[in-house]
Q: 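Please read through the structure below; I'll follow up with questions.
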Amino acid sequence: MRRNWAARLHRISVEGMRAVVLENELLRVTVVCDKGGDVVEFLHKPTDTDFVWLSPQGLRDPRTHLLGAADDVAGFVDHYEGGWQEVFPNGGAPSRYRGARLAQHGEVSGLPWECEILADTPEEVSVRLSVRTRRLPYLLEKVYRLRSGTAVLETEGRATNEADLPLHAMWGQHLVFGRPFLRPGHRIRLPEGVRVVPHESAIGPSGRRVRAGGPWEWPVVPADGGGEIDLSVIPPEGTPSDIVYLTGFTDGWYEIMGEIGMRVEWDASVQPYLWLWQELGAAKDYPWWGRAYVVGLEPFAGMPTDGLAAAVAGGTALTFGPHETKVTTLRAEVLT
């Protein structure tokens, strides 16, 4: 029976795509099943704060947006509405793996997922999404769960190699924060002992923030132009774009805080890296046009953002035995 109190769940359509809303007294979470299982709303009702950044280009249906020159980056970027994505089995740049050509962050973020309701009671609502990759033989499943009276979204992911031989994969949670939530001066908290591995080269023409080399101790690291910077403080608009990889997590968690904030906990035994991506308005060309002020804090299995082949070569990719299933969890909680 349809409810508008306690925990509740609604099937809706967003821009012509199947979606599901998980809601309780404190949160409203919207998941687009027909586009990667993307989370496009994570609204904290008491403060009217949506922790999901929405891109100025808006939500586009990959099935209908077919114009423009095709390339292995545009498939993701041209349909990137912001939000939170599942990234599997390739992380970052296009890559070739065992004869398969994998696009930017491919494959599952652009595919339609099946959606099954697991629980729909006043105490708890939950759904299971599932999809099979097209170029590698994997089955990916994800459960979203919201309990009454809590400001916590719980997720459980399962990845299964359906082949009779071992395979590799990268597996990440593309969690990105932006305005109206994100502001200069917001702070990132991490466990003790985390280290910073800079990306090998600058990711934008305006230079980089963190000096190449390392690894460095979090959070104060050498700046590219001399001196030091504190990576735990969100910098002002116009700061150069950059990406670094955070390692050394015994417990996987971070907090990003202003007057209100979020704590994310994940299974660091499966996803041992946290990608810290900053695009703060310095990129004036495609695809950002100076309109993005965002910070990604992305739990990941595999690095760097050069694709699966590079992660395999560097020994950071996940290895799946024949018919092996790996399970990971993530918990996102609003802090007030």
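These numbers come from the heavy atoms of this one structure, side chains and all, not from hydrogens, waters or symmetry mates. Just so we're clear, the structure is a prediction, and the values are computed from it rather than from any experiment.
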Q: Has R134 got more than 12 heavy atoms of other residues, nucleotides or ligands less than 6.0 Å from its CZ?
A: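 Not buried by this count: 12 neighbours or fewer within 6.0 Å.
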Q: May I ask you to check whether E86 and Q173 show a side-chain donor-acceptor distance below 3.5 Å?
A: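 Yes, because at least one side-chain N or O of E86 sits under 3.5 Å from a partner of the opposite role on Q173.
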Q: How about H105 and F88: are their ring centroids closer than 6.0 Å?
A: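 No, the ring centres sit 6.0 Å or more apart.
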Q: So, for W277 and W53, is the gap between ring centers shorter than 6.0 Å?
A: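 No, the ring centres sit 6.0 Å or more apart.
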Q: Compute the centroid of each ring, for Y245 and then for F300, and state whether the two points are separated by less than 6.0 Å.
A: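 No: the rings miss the under 6.0 Å criterion.
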Q: Without swapping roles, check the side chain of R189 against the backbone of W253 for a donor-acceptor pair under 3.5 Å.
A: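 No, R189 side chain to W253 backbone: no donor-acceptor pair under 3.5 Å.
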Q: Indicate whether any N or O donor in one side chain lies under 3.5 Å from an N or O acceptor in the other, for Q85 and S109.
A: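 Absent: no donor and acceptor within the cut-off.
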Q: Using a 3.5 Å distance criterion without hydrogens, assess whether the side chain of W266 forms a donor-acceptor pair with backbone atoms of Q271.
A: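 Yes; judged by distance alone, with no hydrogens or angles, the pair exists.
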Q: Okay, side chain of R96, backbone of L308: is any donor-acceptor separation there less than 3.5 Å?
A: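 No, R96 side chain to L308 backbone: no donor-acceptor pair under 3.5 Å.
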Q: Evaluate S241 against E279 for side-chain hydrogen bond (donor to acceptor under 3.5 Å, both in side chains), listing each step before the verdict.
A: CA-CA 5 Å; S241 310; E279 176 47 62; 2.5 Å; yes
Q: Sub-3.5 Å donor-acceptor pair from the side chain of K45 to the main-chain atoms of N24, do we have one?
A: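 Side chain of K45 to backbone of N24, a donor-acceptor pair under 3.5 Å: yes, one is there.
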Q: Using a 6.0 Å cut-off, check whether atom CZ of R18 has over 12 heavy atoms from anything other than its own residue.
A: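 Yes, enclosed.
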